[in-house]
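Reviewing the structure listed below.
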Amino acid sequence: MKLWGGRFTKPTNELVDEYTASIKFDKRLAEQDIKGSLAHVEMLSENNIISKEDAETISKGLKTVAEKIKNNEVHLSEDHEDIHMNVEKLLIDEVGPVGGKLHTGRSRNDQVALDMRIYTREATVLISQLLVDVQESLLEQAKANLDTILPGYTHLQRAQPVRFAHHLMAYVFMFQRDVERLSDSYKRVNQSPLGAGALAGTTFPIDRQYAADRLQFQGICPNSLDAVSDRDFVVEFLSNSSLISMHLSRLCEEMVQWSSAEFNFIELDDAFCTGSSMMPQKKNPDVAELVRGKTGRVYGHLISLLTMLKGLPLAYNKDMQEDKEGMFDTVDTLKGALALFAPMISTMNVKKENMYQAVIKDFSNATDLADYLVAKDIPFREAHAIVGEIVLNCIQQNKYLLDLPLSEFQQYSDFIENDIYDVLTPEAVVDARDVVGATAKSRVIEQFEQASRLIELNKEWIKVHES
Ligand code: ARG
């Protein structure tokens, strides 16, 4: 007999059980569910809604059920639809009919919203921690490559040289925004829906604040209809996750390119690559490719959830059960990617000389020649044209700017003097950009310092919010 079987005259069709049950996936919420129930039962007894004695029996029973689920000693059955009813059934099996008092003043609607909020809080902290690990591995590689110079690109055409450290720091700041987005949305997750009942609250004199405090919520959802209908916090988590995935995917794309024979800028450690079943010479950047490839499923979960929610009337609708699999899959997908990323970055071999050659055998110092002329009071547009002609001349002779003798430079402008050879070296070019956030050595070191401070703040936030 179903826990809600009273008003029914027939058993549920087997296919309906199979179709509507969520236990296959929401068993993942067992710990959160029991945590919420323990707080609820304590609140009930504290407010004399059930006796202290009954509350104690129920709490003890819940802890036993938790233990048994953890050790796989009990069967979670589709006959009981979801984790909430399975736990209640197991509790009643454990302690007898008094277990039936647990659900006093509560509905599965506020219960499932509570479980998802507790789960999302934990996931938010976990993903933040993994992001910090990636930030630290990037920062460490950046520090080791302060003097490594490679071409910077626009349109994937060599543009101006940059320090490899500078390039990696761009990702450190992307992941910083990701951590900040997570900690910001945490505030909106951290509100307790418990006590909203099915939709309208409850007739029992419950103390919502008491239960919320027990569960370390920062506040309580102010409207019972909203409390049971709101899945914005899941949408926000998936949206944050989509941005994280997109950032990871861009870095993956670069790692795939850099490790190709065409670029040959890095070599990923053997431990993070795989081979080919046919071509013995192959070493493939599979991890980076797969992280890039899995971005689509994370975006997909975001769109699924937004679409699922958009037509729902207040308050709870069964559709909302569909919030879970996408959420869980997103957490698993990100967890897997981020955990691999930190060591993959730390262990990659940076081919500094190849990067440098790509800068030398190129015209990425052309802007600097134009700026040199501008400093001698030639209007930038004219300087641009002069340098364009010099570059064309070089291309025709299969030479680069630093290969030209001074006499040839001077055919284009008398203002070019012998010091041009110091101005156009890769080192001089990156150091010439001495503005906040640019490539000069001191400016990149400033970024290290700023990032270190931000990473420390991230760690403090994580410490306070870890359960
Ligand atoms: N399994 C349901 C879910 O995940 C739990 C809430 C069900 N509530 C209900 N009234 N049917 O959304």
Side-chain angles (χ1 to χ4, degrees), residues 130-175 244-295 333-362 364 400 426-427 429-430 439 441 444 447-448 451:
L130 292 169
L131 280 169
V132 166
D133 295 343
V134 173
Q135 284 185 304
E136 288 191 311
S137 66
L138 284 166
L139 181 58
E140 180 194 278
Q141 268 296 1
K143 286 181 175 170
N145 285 286
L146 180 58
D147 294 320
T148 305
I149 301 177
L150 80 165
Y153 297 81
T154 64
H155 315 265
L156 199 57
Q157 305 292 317
R158 291 174 187 171
Q160 289 171 352
V162 296
R163 295 173 187 278
F164 191 46
H166 192 66
H167 196 118
L168 295 176
M169 291 308 291
Y171 286 98
V172 173
F173 291 111
M174 286 180 229
F175 293 129
I244 295 166
S245 301
M246 181 270 284
H247 290 152
L248 280 174
S249 186
R250 292 182 78 167
L251 181 51
C252 286
E253 170 62 16
E254 301 213 276
M255 292 173 92
V256 170
Q257 285 180 9
W258 291 339
S259 54
S260 70
E262 283 66 23
F263 274 82
N264 201 14
F265 285 176
I266 62 167
E267 182 175 358
L268 295 173
D269 194 86
D270 277 4
F272 295 94
C273 291
T274 56
S276 155
S277 58
M278 187 192 183
M279 299 167 282
Q281 84 285 9
K282 289 296 291 286
K283 177 173 165 183
N284 298 328
D286 281 33
V287 172
E289 293 169 78
L290 203 50
V291 170
R292 186 180 60 189
K294 283 178 188 283
T295 307
T333 302
L334 275 189
K335 214 166 106 179
L338 291 167
L340 277 168
F341 235 80
M344 188 163 73
I345 300 274
S346 307
T347 56
M348 73 182 179
N349 173 25
V350 179
K351 299 182 173 175
K352 303 181 186 196
E353 188 48 35
N354 292 353
M355 290 182 175
Y356 195 76
Q357 284 307 314
V359 173
I360 288 287
K361 302 228 171 337
D362 191 53
S364 56
Y400 297 97
E427 292 78 5
V429 169
V430 289
T439 52
K441 192 181 238 174
V444 177
Q447 294 178 51
F448 294 164

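Quick note: residue numbers are just sequence positions, from 1. Source: prediction; values computed, not measured.
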- State whether the side chain of T439 and the backbone N or O of V430 hold a donor-acceptor pair below 3.5 Å, judged by distance alone. yes
- Item | Under 3.5 Å: donor-acceptor pair, side chain of K352, backbone of F265 | no
Over all atoms of both residues, closest heavy-atom pair of [X] and [Y]:
X	Y	answer
L146	R163	O-NH1, 2.8 Å
F272	V287	O-CG2, 3.7 Å
A142	A165	O-CB, 3.2 Å
A288	V256	CB-CG2, 3.9 Å
L139	V172	N-CG2, 4.1 Å
V350	I266	CA-CG2, 4.4 Å

Gap between atom [atom2] of [Y] and atom [atom1] of [X] - 0.5 Å precision:
X	Y	atom1	atom2	answer
C273	N284	SG	CG	8.0 Å
Q447	M169	CD	CE	5.5 Å
M255	M344	CE	CE	4.0 Å
T295	M246	OG1	CE	9.5 Å
S346	E140	OG	CD	5.0 Å
R158	D362	CZ	CG	5.0 Å

- Worked check of side-chain contact (heavy atoms from CB on, under 4.5 Å) between V132 and F175: CA-CA 8 Å; V132 166; F175 293 129; over 6 Å; no
- Quick one: do M355 and I149 satisfy side-chain contact (heavy atoms from CB on, under 4.5 Å)? Show the steps, please. CA-CA 6 Å; M355 290 182 175; I149 301 177; over 6 Å; no
Can you find a heavy atom in the side chain of [X] that is under 4.5 Å from one in the side chain of [Y]?
X	Y	value
I244	L131	yes
V291	L340	no
L251	F341	yes
S364	P151	no
E267	M348	no

Tell me every residue that passes side chain to side chain donor-acceptor pair (under 3.5 Å) with [X], counting only those two or more places apart in sequence or in another chain.
X	value
N264	K351
D133	Q129
Q281	none

Side chains of [X] and [Y]: donor-acceptor distance under 3.5 Å anywhere?
X	Y	value
E254	Y153	no
D286	T274	yes
E427	Y356	yes

- Do the ring planes of F164 and H167 sit parallel (below 30°), tilted (30 to 60°) or perpendicular (above 60°)? tilted
- Task: Answer yes or no: does atom NZ of K335 have more than 12 heavy-atom neighbours from other residues, nucleotides or ligands under 6.0 Å?
- Result: no
- So, are D147 and K441 salt-bridged, with charged N and O less than 4.0 Å apart? yes
- From the list L168, I345, T347, side-chain contact (heavy atoms from CB on, under 4.5 Å) partner of S137 resolves to I345
